[in-house]
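Take a look at the structure set out below.
We count residues from 1, following the sequence as given. Since the model is a prediction, treat every value here as computed from it, not as a measurement.
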Amino acid sequence: MRRISFILFIISIFPNAFAQTDSIASIRADSISFRTSELVEDLVTLQMMQVTANRYKMYPTENIYNFLKLDTQTGRIEQVQWSLEDNKEFSTILNRDDLSWSSGINSFELYPTQNMYQFILLDKATGRTWHVQWGLSDKKRWIKRIY
C-alpha cells in the first residue's frame with residue numbers, strides 16, 4: 001500500500017516537473033524572439049538612417065555659381081545657382097522623372113565630362129546611364145538615356 005501511494009505520488013509530481021520545464025523554455029524562447037525582433041528593428045532603422053542621410057549630393061560645375069543637386073535615390077537633378085544678388089539666385093529642375101526601379105538605395109552618381117555643361121548620370125545598381133546637360137536657359141537643359 002505504501003509502495004502504491006509512493007508510486008502515485010511520484011507519478012503526480014513527474015508531469016508537473018515537465019510542465020515547469022516547458023514553461024521555462026517557453027519564456028526563454030519568447031525572450032529570445034523578443035530580443036531578435038528588437039535587433040531586426042534596430043537594423044532596419046539604421047539602414048533607413050543611412051539611406052536618408054546621404055540622399056542628396058551637390059556637384060560643382062566649372063561655373064562657380066552653379067551646382068547640380070542630385071537625389072541619389074531617384075536620379076532627379078536640379079540646377080542650383082547662387083549669387084550675392086538675390087535676383088540672380090534660382091533653382092530649376094533638370095530631371096523630374098524618378099529613374100529608380102524602386103530599389104530604395106542611393107545608387108545614382110554624377111560624373112563630369114570634358115564639356116563643362118555635360119555630365120554622365122550612372123545608376124550604380126543597374127548600370128543604366130544618362131547624358132545630362134545643364135545650362136543657363138531652359139532650351140539648354142536636358143537629360144537623355146544612353147543605350
Side-chain angles (χ1 to χ4, degrees), residues 8-147:
L8 288 174
F9 177 73
I10 295 296
I11 290 174
S12 67
I13 293 175
F14 194 68
N16 289 339
F18 275 120
Q20 287 198 357
T21 304
D22 289 344
S23 175
I24 291 169
S26 173
I27 289 170
R28 284 186 187 141
D30 287 347
S31 66
I32 290 171
S33 175
F34 179 74
R35 182 64 183 141
T36 302
S37 68
E38 280 184 334
L39 289 172
V40 168
E41 195 173 302
D42 290 348
L43 286 172
V44 168
T45 302
L46 180 62
Q47 179 67 26
M48 289 304 296
M49 287 172 51
Q50 287 176 342
V51 166
T52 56
N54 296 315
R55 181 169 180 175
Y56 293 95
K57 288 188 178 180
M58 295 290 281
Y59 292 88
T61 66
E62 288 186 32
N63 178 318
I64 64 171
Y65 299 107
N66 284 274
F67 286 82
L68 297 181
K69 181 172 81 171
L70 173 66
D71 181 340
T72 62
Q73 204 170 67
T74 64
R76 290 186 177 114
I77 304 170
E78 284 183 50
Q79 179 181 334
V80 178
Q81 180 172 306
W82 70 275
S83 174
L84 296 176
E85 301 173 36
D86 290 341
N87 62 343
K88 292 186 180 179
E89 288 187 324
F90 69 88
S91 177
T92 187
I93 296 172
L94 266 165
N95 172 35
R96 296 181 191 282
D97 299 330
D98 184 345
L99 303 175
S100 69
W101 286 346
S102 302
S103 62
I105 57 174
N106 298 336
S107 64
F108 289 94
E109 192 79 41
L110 277 172
Y111 295 90
T113 65
Q114 294 296 316
N115 182 323
M116 71 179 271
Y117 296 101
Q118 298 182 0
F119 285 75
I120 300 296
L121 176 65
L122 171 66
D123 182 348
K124 295 185 294 185
T126 64
R128 297 175 299 149
T129 53
W130 290 264
H131 186 176
V132 177
Q133 179 172 298
W134 68 274
L136 300 177
S137 67
D138 288 337
K139 293 177 185 175
K140 295 188 178 184
R141 293 184 202 109
W142 48 262
I143 179 171
K144 67 179 183 175
R145 175 87 188 269
I146 301 173
Y147 290 97

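For Gln133 (side chain) and Lys140 (main-chain N/O), a donor-acceptor pair under 3.5 Å exists by modelled atom type. One N or O on the side chain of Thr72 and one on the backbone of Arg55 form a donor-acceptor pair closer than 3.5 Å.
With sequence neighbours excluded, no residue forms a salt bridge (charged side-chain N to carboxylate O under 4.0 Å, His left out) with Lys144. Applying the side chain to side chain contact (heavy atoms under 4.5 Å, CB included) criterion to Glu89, with sequence neighbours excluded, gives Trp82, Ser83, Asp86. A search for side chain to side chain contact (heavy atoms under 4.5 Å, CB included) contacts involving Leu99 returns Asn95, Asp97, Phe108, Leu121, Trp130, Ile143, not counting sequence neighbours. Among residues two or more places apart in sequence or in another chain, the side chain to side chain contact (heavy atoms under 4.5 Å, CB included) test is passed with Leu39 by Arg35. Leu136 is linked by a side chain to side chain contact (heavy atoms under 4.5 Å, CB included) to Asn66, Gln79, Gln81, Trp134, counting only residues two or more places apart in sequence or in another chain. A search for salt bridge (charged side-chain N to carboxylate O under 4.0 Å, His left out) contacts involving Glu62 returns nothing, not counting sequence neighbours.
Interatomic distance, Leu70 CG to Glu109 CD, rounded to the nearest 0.5 Å: 7.0 Å. With rounding to the nearest 0.5 angstrom, the CG atom of Asp71 is 8.0 Å from the CG atom of Asn106. Summarising the geometry, atom CG belonging to Leu110 is positioned 11.5 Å from atom CE belonging to Met58; distances are rounded to the nearest 0.5 Å. Taking CD1 from Ile146 and OG1 from Thr129, the interatomic distance works out to 4.0 Å, rounded to the nearest 0.5 Å. Atom CG in Asn87 sits 12.0 Å away from atom CZ in Phe90 (nearest 0.5 Å).
Heavy-atom neighbours of Tyr65 OH from other residues, nucleotides or ligands within 6.0 Å: at or below the threshold of 12. Atom CZ of Arg96 has 12 or fewer heavy atoms from other residues, nucleotides or ligands within 6.0 Å. Within a 6.0 Å sphere centred on CD of Glu38, other residues, nucleotides and ligands contribute more than 12 heavy atoms. Surrounding CG of Leu84 are at most 12 heavy atoms belonging to other residues, nucleotides or ligands under 6.0 Å away.
A donor-acceptor pair shorter than 3.5 Å can be found between the side chains of Ser91 and Glu78.
Residues Arg76 and Ile93 fail the side-chain proximity criterion, which asks for heavy atoms closer than 4.5 Å. Put simply, the side chain of Thr61 reaches to within 4.5 Å of the side chain of Phe119, judged on heavy atoms. Here the side chains of Tyr117 and Arg141 are not in contact, with every heavy-atom distance at 4.5 Å or above.
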